[in-house]
Protein chains: 2
Amino acid sequence: MKKNNITIHDIARMLGISSSTVSRALSGNPRISLKTREAVANLAHEKGYHPNVMASSLRRGKTKTVGLIIPRINRHFFSNVIGGIEEVLNLSGYNLMICQSDESHEKEIENLKTLMNLRVDGIFISMATGSTNSEHLKNCLSRGVRLMMFDRVDEELPVDRIVLDDFEGAYQTVKHLVEQGYRKIAHFSGPEHINVYRNRKRGYLEALKDSGLEVTSGLILQDVLDREKGYEACLSLLAGKDVPDAIFSSSDFSALGALLAAKKKGVSTPGDLGIAGFANEPFTELFDPPITSVDQNSIEMGKTLAQLFLDKESEERVGSEPYTIVLKPRLLIRKSSLRKT
Amino acid sequence: MKKNNITIHDIARMLGISSSTVSRALSGNPRISLKTREAVANLAHEKGYHPNVMASSLRRGKTKTVGLIIPRINRHFFSNVIGGIEEVLNLSGYNLMICQSDESHEKEIENLKTLMNLRVDGIFISMATGSTNSEHLKNCLSRGVRLMMFDRVDEELPVDRIVLDDFEGAYQTVKHLVEQGYRKIAHFSGPEHINVYRNRKRGYLEALKDSGLEVTSGLILQDVLDREKGYEACLSLLAGKDVPDAIFSSSDFSALGALLAAKKKGVSTPGDLGIAGFANEPFTELFDPPITSVDQNSIEMGKTLAQLFLDKESEERVGSEPYTIVLKPRLLIRKSSLRKT
DNA sequence: TAAAAAAATACAATCGATTGCGCAAATATT
DNA sequence: AATATTTGCGCAATCGATTGTATTTTTTTA
């Protein structure tokens, strides 16, 4: 960028006043007379003055920027969270620096470092699958960074957290499947070290128990989160000796894979095999049959996250107790799990 | 962020040397003895020194940050472009500041302002549908901002451009439909003021002409880009007097809408109605039938964009002629447009 | 051994905005 | 009219890193 940028010094010189006056005038400080303030505002506008954020940040020790670390931006859930965060943050003049970890621990550490160098005022993070420990986060905390976690969180760390009631979402879904008459319900799960998958599985188990159904370990498949894995898993379930009559998947992608596999094998959904996913990806309602899923209240999560950050930021009392806010999921019943008419 | 950050001055004091030496040592300046450089590096590492990017940017007039303005991050095309950009940029230590215009002109202007305040070293932009003029971009240029456009570009502005050969993509697709025996091919288009839709339509028209087919104005529908509009448009085409036997859509979303509408009406695809979209959204290959589409080479576009930026940035010769790089599309023929066996 | 050359480091200004403190002018108070 | 307030503004330091120009130290050369 060329250096033809106007500074407050330029404005000061043109008006024959000092740069401190210009600074105060621009910020609307009442110690400066209205006449001067207007003169400054006019000239600034006329000359196209843009404050140098770096200089201001350096001096004030605040960047008015928040960093966001997420596994992937092209997941419906995360892009919605981003939307929610920006909606709230932008109103207060904050910017969002988005980083993708690509589910890799190393990249997550790299992102963290980048954001720390940038001296962002806060960091929002949803952990990568690859992050099996939180040393890097602890490191951050010990430096005094304002860290906030959402969705995929470390439940031990003393930080603010916004999470979905994954247990509840899973519980309701499985209960719904049972109501529809399904009795042998399989489950596609994710890595145990990630809270959301752990909790969804807990919800699944609890719902089975409360319904008087038996838990069959062969029906619980770990690490089945993408379409390919879902496809394979479904095929092997259908070919196995414990054939399920429904699948509750922790991921819409693997639920879709299962649907495609069932279709391939001539197994009808929802008749012979009920299917339900999780996350309410847009594609779920477009397939035939549309796939039952759980909406994660993603926009709300983003907004809540940002609002909590802003609240704490304005309060100044840094040492306050960390909050954990739990949002409610919403079960979206679609044809793929509707057997009764 | 708390102020317990270590600075080069702290390191200098601890080592009993000057901060300028520390600065040079950290940057590996050979004027500093190896012994000192190592001592500095060690202490910096030990104390967890993180350079203050703001201070450095302010002094050097370079932020090592590039701004990106796109309509939406959750479009497959754009998130891939982001991936490509980051892959190249991160290697050179640059960061990417992502802004969404939400297809709104006002937001685009707002984003531009934000990025200018941040003094980013360059701005990559793909224009919003709502932006019917480029005054805001001209404004930017006159301030000396290094602006680069991609995909949805202003073809008049003196800036670097990376675009897809939309004409070619459309031409090939329509030619393919003709080869498959389709004769009355409809077209879903987008706003005329956007280059990509204009060029796709041109490709469509040219292909019809070269195939000796007549252009029927009733078969060209403007502003049919999302699923709902595609659905409606297809219904009305099927109910009209000029019923097409194929649809070439400028958007995968409206192509999907058309597919769903055809299915609803009992019109078989590809038998009675061939369908082809544009953008190679992931869902296109998952439907039954999978939808023919045109891949936009999105990752490559991002990489090219970033690489060109870096090249020009290192060359220093700011006034060089703007480039326009045209990438080739790739037609992905799938079942939705395959009538011959 | 003294002078010259080279190597290693220090000094101080700078980037642009902010802000505590102080000074001067305008207004109010006695 | 003299003093006390208030109002409006300028001075200068500061944030942390960078860099042109000394200055000091070490090494080389005559």
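Below, all heavy atoms of this structure are taken into account, side chains as well, without hydrogens, waters or symmetry copies. Just so we're on the same page: letters track the sequence lines, and every chain starts at 1.
When distances are taken from the side chain of B:Arg60 to each of D:dT18, D:dA13, C:dT9, the shortest belongs to D:dT18.
A search for side-chain hydrogen bond (donor to acceptor under 3.5 Å, both in side chains) contacts involving A:Thr65 returns nothing, not counting sequence neighbours. Considering only residues two or more places apart in sequence or on other chains, A:Asn139 meets the side chain to side chain contact (heavy atoms under 4.5 Å, CB included) condition with A:Ser142, A:Arg143. Remark: A:Asn111 engages A:Ile69, A:Cys99, A:Ser101 in a side chain to side chain contact (heavy atoms under 4.5 Å, CB included) (not counting sequence neighbours). With sequence neighbours left out, the side chain to side chain contact (heavy atoms under 4.5 Å, CB included) criterion links B:Thr304 to B:Ile162, B:Glu300, B:Ile325, B:Leu327.
Counting to the nearest Å, the P atom of C:dA7 and the CG atom of B:Asn29 are 13 Å from each other. When rounded to the nearest whole Å, the span between CG of B:Asp10 and C1' of D:dG16 equals 10 Å. Note: CD1 (A:Ile8) to C1' (C:dT18) measures 8 Å, nearest angstrom. With rounding to whole Å, A:Arg59 atom CZ is found 7 Å from D:dC15 atom P. Taking atom CZ of residue A:Arg37 and atom P of nucleotide D:dT7, one finds them 13 Å apart after rounding to whole Å. The distance from atom NZ of A:Lys64 to atom C1' of D:dC15 is 18 Å, rounded to the nearest whole Å. Rounded to an integer number of Å, the gap from CG of A:Asn5 to C1' of C:dA17 is 14 Å. Following rounding to the nearest Å, A:Leu26 (CG) and C:dG16 (C1') show an atom-to-atom distance of 12 Å.
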Side-chain donor/acceptor pairs under 3.5 Å, residues 86-96 of chain A, sequence neighbours excluded:
residue, atom, partner, partner atom, Å
A:Asn90, ND2, A:Glu86, O, 3.3

Which pairs of donor and acceptor atoms, one on a side chain in residues 26-33 of chain B, lie under 3.5 Å apart (sequence neighbours left out)?
residue, atom, partner, partner atom, Å
B:Ser27, OG, B:Ser23, O, 3.4
B:Ser27, OG, B:Arg24, O, 3.1
B:Asn29, OD1, B:Arg31, N, 2.8
B:Ser33, OG, B:Thr36, N, 3.3
B:Ser33, OG, B:Thr36, OG1, 2.8

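Residues B:Asp311 and B:Gln307 have side chains that bring a donor and an acceptor to within less than 3.5 angstrom of each other.
Note on A:Ser27: nothing from the nucleic acid sits closer than 4.0 angstrom, heavy atoms only. A:Ile17 comes within 4.0 angstrom of sugar-phosphate atoms only, judged by non-hydrogen atoms across all strands, and of no base. Using a 4.0 Å heavy-atom criterion, one finds that A:Ser33 contacts the sugar-phosphate atoms exclusively. At a threshold of 4.0 angstrom between heavy atoms, the contacts of B:Ser23 include nucleobase atoms, whether or not backbone atoms are also involved.
For the pair B:Glu313/B:Arg146, a side-chain contact is recorded, criterion being any heavy-atom separation below 4.5 Å from C-beta on.
Within residues 45-58 of chain B, the residues having any heavy atom closer than 4.0 Å to DNA chain D are, in order of number, B:Tyr49, B:Pro51, B:Asn52, B:Ala55, B:Ser56.
To the nearest 0.5 Å, atom CD1 of residue A:Ile194 and atom OG1 of residue A:Thr132 are 9.5 Å apart.
Within the structure, every pair that satisfies the salt bridge (charged side-chain N to carboxylate O under 4.0 Å, His left out) test and touches residues 96-118 of chain B, not counting sequence neighbours, is listed here: B:Arg72-B:Asp102, B:Asp102-B:Lys107, B:Glu103-B:Arg152. Applying the ring pair (Phe, Tyr, Trp, His ring centres under 6.0 Å) test to residues at least two apart or on different chains, the pairs with a partner in residues 111-161 of chain B are B:His105-B:His136, B:Phe124-B:Phe309. For residues 12-71 of chain A, there are no ring pair (Phe, Tyr, Trp, His ring centres under 6.0 Å) pairs, not counting sequence neighbours.
For the helix from C:dT1-D:dA30 to C:dT30-D:dA1, the end axes, each set by the C1' atoms of five terminal pairs, are bent relative to each other by 50° (nearest 10°).
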Set out, line by line, the N/O atom pairs under 3.5 Å between protein and nucleotides 21-26 of chain C.
residue, atom, partner, partner atom, Å
C:dC21, N4, A:Arg31, NH2, 2.9

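Toward the 5′ end of DNA chain C lies the nearest nucleotide of B:Thr21, the other residue of the pair A:Thr7 and B:Thr21 mapping further downstream.
The shortest distance between the side-chain N/O atoms of B:Ser18 and the OP1/OP2 oxygens of C:dA10 is below 4.0 Å. Remark: A:Ser20 is not in phosphate contact with D:dA12, judged by side-chain N or O atoms under 4.0 Å from OP1 or OP2.
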